[in-house]
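Accompanying notes for the structure given below.
Because only heavy atoms are used, hydrogens play no part in the values below, and waters and symmetry mates are left out as well, while side chains stay in. Note on naming: letters A, B, ... go to the chains in the order of the sequence lines (proteins, then strands), and numbering restarts at 1 for each one.
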There are 2 protein chains.
Amino acid sequence: MIPAEVIEKYNPTKLKLPADTFLFMEGDLPRFYYQIISGQIKMININTDGKEFMQGQFGGGQSFGEPPIFHNAPYPASAKTVGPTVLYKLHRDKFFQLLKEHPDLHLELTSILTKRMMYKAMIMKEMSNHDAQHRILTFIDYLKKEYGTNNEPFLVNLTRQQLSNLLGIRVETVIRTVKQLAENGEVELRGRKIFR
Amino acid sequence: MIPAEVIEKYNPTKLKLPADTFLFMEGDLPRFYYQIISGQIKMININTDGKEFMQGQFGGGQSFGEPPIFHNAPYPASAKTVGPTVLYKLHRDKFFQLLKEHPDLHLELTSILTKRMMYKAMIMKEMSNHDAQHRILTFIDYLKKEYGTNNEPFLVNLTRQQLSNLLGIRVETVIRTVKQLAENGEVELRGRKIFR
DNA sequence: TTCTTAATATGATCCATGTCATAAACTGAT
DNA sequence: ATCAGTTTATGACATGGATCATATTAAGAA
């Protein structure tokens, strides 16, 4: 999001992390702005019973975990690398300075944050709807609208396990519900891949 | 949020609405920035079965419904007045101009948006936790931390119906669960009022 | 005050999803 | 090619919250 040549003027640290490593934990206080150079980060909550709920996932060029920086509030979720990941780590003070000196980038950040808010609003709405078919279908439609091209059958490039983590539904339920959706003709299964 | 003297330089309209009036509906495209002068607005989703889920509620001085403006995306929820409400209505183009000309207010907006994001993250986490007691208790603790003073017993100034709408739990369940929480000693009931 | 509406309350019943167990299919690493 | 870990799959069963019905209490309007 922040161009490399800009962020590097503010003396960020570069961080290299192996796969499946926690960068920070839910409850930690934020001190840095993070931006991914390569790799992926997921923000997750772990329930009391050890089940994972994914708040979001971010890849190359994307930043994450900004909201608590603005309030010195504890992180609402933990950040974990998905694969080997390299990222910029910029102290919050410098981050604020950067925003101040680059109004255009500040506006871009606002744009990104509002997009994530709309995503969260959608998920919350679906979660308040206790119908698994509806939840999964709406989510797939969101993905299609967001990442799909034209009217081609759209490949849902997520495992059932991931859908489970993203929607807060148990994986067995996802498996059975996807099967139902295929029987209804709402989605198409090619092998195990889900299309819509 | 935006001081009256600033916003008025951008020629906003003033809108007076009676109670229980929809300002815009889920799915509508956004054209204006809204800021409440007096009264209250709630942002809600209505499920297929007519049940209401509240995304947020806003009062005097607060703005709402900004995220879609940044993307020309449909509102993820409807806005409805709670009581008689007066608000500023500013065209999006002028709103962006205002942000550009007032970096301090832009930063304040970012701060407000990130706070709401953290709220949503918390609710999502709780919603992925299928335990009613936990959900209600965590929510009350959030309110206490946010609005409570010191260590005084904190009055949860919401009806069980409102808790139901905010958490996506049926009102009967809220009633029964609050009763359980009182029996556990987790909350105190004075009459029907909930304290913690 | 009276009327109307919303909130609270409680019991009975239902059912979709969670839970648990087990196994096969797949994937990636060594 | 082999092994370990993950994903998908399926059945049996349990259960917490949803639903439905009904009644009481409280709050706000006329």
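In this structure, CD of B:Gln162 is placed 11 Å from C1' of C:dA6, rounded to the nearest angstrom. Rounding to whole angstrom units, CG of residue A:Asp131 and C1' of C:dC14 are separated by 16 Å. Rounded to a whole Å, the CD atom of A:Gln161 is 12 Å from the P atom of C:dG18. Rounded to an integer number of Å, the gap from CG of A:Leu163 to C1' of C:dT17 is 16 Å. The CZ-C1' distance, from A:Arg170 to C:dC15, rounds to 18 Å in whole Å. Look at CE on B:Met127: it is 13 Å from P on C:dG18, rounded to the nearest Å. Rounded to an integer number of Å, the gap from B:Ile194 CD1 to C:dT8 C1' is 11 Å.
A:His134 pairs by the ring-ring contact (aromatic ring centres under 6.0 Å, His included) definition with nothing, not counting sequence neighbours. Under the side chain to side chain contact (heavy atoms under 4.5 Å, CB included) criterion, B:Ala4 pairs with B:Tyr88, not counting sequence neighbours. When the salt bridge (Lys or Arg N to Asp or Glu O under 4.0 Å) test is applied to A:Glu186, the partners found at least two apart in sequence or on another chain are A:Arg196. Every residue meeting the ring-ring contact (aromatic ring centres under 6.0 Å, His included) condition with B:His91, not counting sequence neighbours, appears here in chain and number order: B:Phe32. Evaluation of the side-chain hydrogen bond (donor to acceptor under 3.5 Å, both in side chains) rule for B:Tyr33 yields B:Gln35 as partners, not counting sequence neighbours.
Nucleotides of DNA chain D with any atom under 4.0 Å from a heavy atom of chain A span, from 5' to 3', D:dT7 to D:dA18.
Between B:Tyr10 and B:Phe95, a ring centre-to-centre spacing not shorter than 6.0 Å is recorded.
Pairs of residues two or more places apart, or lying in two chains, that qualify as side-chain hydrogen bond (donor to acceptor under 3.5 Å, both in side chains) and include a residue from residues 172-182 of chain A are A:Gln133-A:Gln180. Identified under the salt bridge (Lys or Arg N to Asp or Glu O under 4.0 Å) test for residues 72-99 of chain B, with sequence neighbours left out: none.
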Distance-only criterion, 3.5 Å: show the donor-acceptor pairs between side-chain atoms of residues 108-119 of chain A and protein atoms not counting sequence neighbours.
residue	atom	partner	partner atom	Å
A:Thr110	OG1	A:His106	O	3.0
A:Thr110	OG1	B:His106	NE2	2.7
A:Thr114	OG1	A:Thr110	O	3.0
A:Thr114	OG1	A:Ser111	O	2.7
A:Thr114	OG1	B:His71	NE2	2.8
A:Lys115	NZ	A:Glu146	OE2	2.7
A:Arg116	NH1	A:Glu66	OE1	2.8
A:Arg116	NH1	A:Glu66	OE2	3.3
A:Arg116	NH2	A:Ser63	O	2.7
A:Arg116	NH2	A:Glu66	OE2	3.4

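Between A:Gln62 and A:Met1 there is no side-chain heavy-atom pair separated by less than 4.5 Å.
Between the axis at the start and the axis at the end of the helix from C:dT1-D:dA30 to C:dT30-D:dA1 there is an angle of 70°, using five pairs per end and rounding to 10 degrees.
Taking the six-membered ring where the residue is Trp, A:Phe64 and A:Phe58 present parallel rings, their angle staying beneath 30° rather than reaching 60°.
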Checklist entry - Tell me, for nucleotides 24-30 of chain C in 5' to 3' order, what letter each nucleotide earns: B for a base near a protein heavy atom under 4.0 Å, S for only sugar-phosphate near one, - for neither? => result -SS----

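Between B:Gln162 and B:Asn157 the shortest heavy-atom distance is OE1-O, 4.3 Å.
Residues from residues 173-182 of chain B placing a heavy atom under 4.0 Å of any atom in DNA chain C, listed by number, are B:Ile175, B:Arg176, B:Lys179.
In this structure, A:Glu172 and B:Glu172 both approach DNA chain C, and ranking their closest nucleotides by distance from the 5' end singles out B:Glu172.
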